[in-house]
Protein chains: 2
Amino acid sequence: MSEVQVGDSLLFLTDEQLRQGIEAMFFAYRGFTVAPDQILEGTGYGRAHHRALHFIARAPGMNVNRLLMILGVTKQSLNRVLRTLIADGLVESRVGRADKRERHLYLTEEGAALEQKLSDAQRKWMRDAYRKAGPEAVAGFRQVLEALMDGEIRQSHAALRENTP
Amino acid sequence: MSEVQVGDSLLFLTDEQLRQGIEAMFFAYRGFTVAPDQILEGTGYGRAHHRALHFIARAPGMNVNRLLMILGVTKQSLNRVLRTLIADGLVESRVGRADKRERHLYLTEEGAALEQKLSDAQRKWMRDAYRKAGPEAVAGFRQVLEALMDGEIRQSHAALRENTP
DNA sequence: GAGAATAAGTCAGGCTTGTTGACATTCCAA
DNA sequence: TTGGAATGTCAACAAGCCTGACTTATTCTC
């Protein structure tokens with residue numbers, strides 16, 4: 001497996017190296033989604049549901065609009081997903097106290113259980129990769145990923161880190 | 001690999017670190033597809049077409065079956081994409097000389113032009129990220145991506161590297 | 001040479017995820 | 001208080017992928 005030669009500061013920017021990086025990203029992302037997809041298979045849910053559960057778990061009480069921005073989809077698309085999750089009792093939607101237009105989202109016990117299961121599987125995958133690659137590689141990995149996010153997306157990401165209720 | 005302090009070597013495997021890695025991967029992949037998607041907008045083509053063009057450009061003369069394995073989709077799905085690309089004159093399908101059952105795929109000039117345009121945009125994106133992160137980070141990035149690919153996917157990836165016509 | 005296996009293409013039907021458009025409710029500021 | 005903005009919902013439709021069943025042409029095997 002052709003690794004980028006650290007010593008050579010030019011080689012890592014050749015078109016060929018870039019192309020390999022692009023392809024690696026494509027394949028890795030595919031591998032990345034295998035485990036959760038398998039768990040969801042047959043449940044009637046898909047990746048969209050997984051993503052919603054993930055971010056609601058990450059920031060409970062988040063309103064729909066914020067989740068919308070993070071996920072980068074239209075509200076109609078998200079709404080369909082939320083509707084089924086709410087109907088199935090995985091997510092609870094509470095009317096905002098300060099602003100009654102807002103709906104704040106929480107996982108129910110059942111929702112939290114599924115999210116945990118999905119999260120565990122994906123983390124295991126990630127952990128194995130991190131173990132193989134080692135701490136220094138992981139640091140580099142994170143650096144490049146951060147750089148790969150464009151301004152808007154980075155904002156979503158940053159917004160998530162702040163623990164705003 | 002290299003010696004890092006014990007404290008750090010554990011920290012990079014915490015659930016929180018893993019979760020951040022997972023989210024970074026999600027956001028980065030989204031940023032990653034923005035540029036090509038914008039180019040394709042309004043052309044009637046989508047990511048599926050982009051992927052097909054990419055890999056045909058990468059390994060001209062590839063037959064349908066191999067492309068199928070690389071992309072990891074069903075032949076019906078790929079066929080719809082190829083049909084339009086061929087009908088529009090972006091891809092050429094030639095009957096195999098050794099085995100006449102096979103169809104070998106090539107980009108036409110027009111197809112190569114579009115692929116180049118898409119590829120340039122995506123490479124630019126990648127190059128900027130690589131520049132920001134630096135060669136060592138890129139090396140780590142690649143190592144983790146390799147580890148993230150599961151067996152099957154890595155095979156697709158490896159098969160692609162061999163320049164088998 | 002006959003029959004099984006392989007490569008590719010097709011048709012039908014379904015699912016998930018995304019989109020646009022229209023609409024109800026709530027808040028806020030002029 | 002009224003009009004505009006924000007928040008969320010519902011309906012209809014498209015893209016893209018999937019499975020299953022089938023056809024055609026060619027190659028391999030006995």
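Naming: A, B, ... by sequence-line order, numbering from 1 per chain. Source: prediction; values computed, not measured.
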Quiz item: What does B:Gly44 touch in the nucleic acid at a heavy-atom separation under 4.0 angstrom: a base, only the sugar-phosphate, or nothing?
Solution: nothing

Quiz prompt | Contact pattern, 5' to 3', of nucleotides 7-13 of chain C - B, S or - by protein heavy atom under 4.0 Å | solution = SBBBB--

Quiz item: Do the side-chain N and O atoms of A:Arg47 and A:Thr33 include a donor-acceptor pair separated by under 3.5 angstrom?
Solution: yes

Practice problem: Return each pair, listed once, that meets salt bridge (Lys or Arg N to Asp or Glu O under 4.0 Å) where at least one residue sits in residues 67-88 of chain B; pairs must be two or more places apart or across chains. | Solution: none

Quiz item: Separation of A:Leu67 atom CG from D:dG8 atom C1', in whole Å?
Solution: 13 Å

Practice problem: Whole angstrom is fine here: how far is it from CG in A:Leu40 over to P in D:dC18? | Solution: 16 Å

Self-check item: Ring geometry between B:Phe141 and A:Phe141 (parallel below 30°, tilted from 30 to 60°, perpendicular above 60°)
Solution: parallel

Quiz item: Looking at B:Ser77, does any N or O in its side chain come under 4.0 Å of the phosphate oxygens OP1/OP2 on D:dG16?
Solution: no

Quiz item: Are B:Arg58 and A:Glu23 close enough, and set up right, to give a salt bridge (Lys or Arg N to Asp or Glu O under 4.0 Å), and what steps lead you there?
Solution: CA-CA 10 Å; B:Arg58 179 98 159 86; A:Glu23 286 176 4; 2.5 Å; yes

Exercise. Using whole Å, report how far NZ of B:Lys100 lies from P of D:dC28.
Key: 12 Å

Quiz item: So how far is it from A:Ile39 CD1 to A:Gln122 CD, rounded to the nearest 0.5 Å?
Solution: 9.0 Å

Quiz item: Do any side-chain nitrogens or oxygens of A:Thr74 fall under 4.0 Å of OP1 or OP2 in C:dG18?
Solution: no

Quiz item: CZ of B:Arg97 versus C1' of D:dA25: gap in Å, rounded?
Solution: 20 Å

Quiz item: How do A:Ala98 and A:Arg47 order along DNA chain C: which one's closest nucleotide is nearer the 5' end?
Solution: A:Arg47

Self-check item: Euclidean distance, atom CG of residue B:Asp37 to atom P of C:dG18 [Å, nearest integer]
Solution: 12 Å

Quiz item: B:Tyr45 has an atom OH; how far is it from atom P of D:dG16, in whole Å?
Solution: 12 Å

Quiz item: Does the side chain of B:His49 get closer than 4.0 angstrom to OP1 or OP2 of D:dA15 through an N or O atom?
Solution: no

Quiz item: Do A:Gln17 and A:Arg19 come within less than 4.5 Å of each other through their side chains, counting heavy atoms only?
Solution: no

Self-check item: Euclidean distance, atom CG of residue A:Leu68 to atom C1' of C:dT17 [Å, nearest integer]
Solution: 14 Å

Quiz item: Starting at NE2 of A:His50 and ending at P of C:dT16, how long is that distance when rounded to a whole Å?
Solution: 17 Å

Practice problem: Report the distance from atom CG of A:Leu90 to atom OG1 of A:Thr108, rounding to the nearest 0.5 Å. | Solution: 5.5 Å

Quiz item: When we call it a touch if two heavy atoms are under 4.0 Å apart, what does A:Gly96 touch: a base, just sugar-phosphate, or nothing?
Solution: nothing

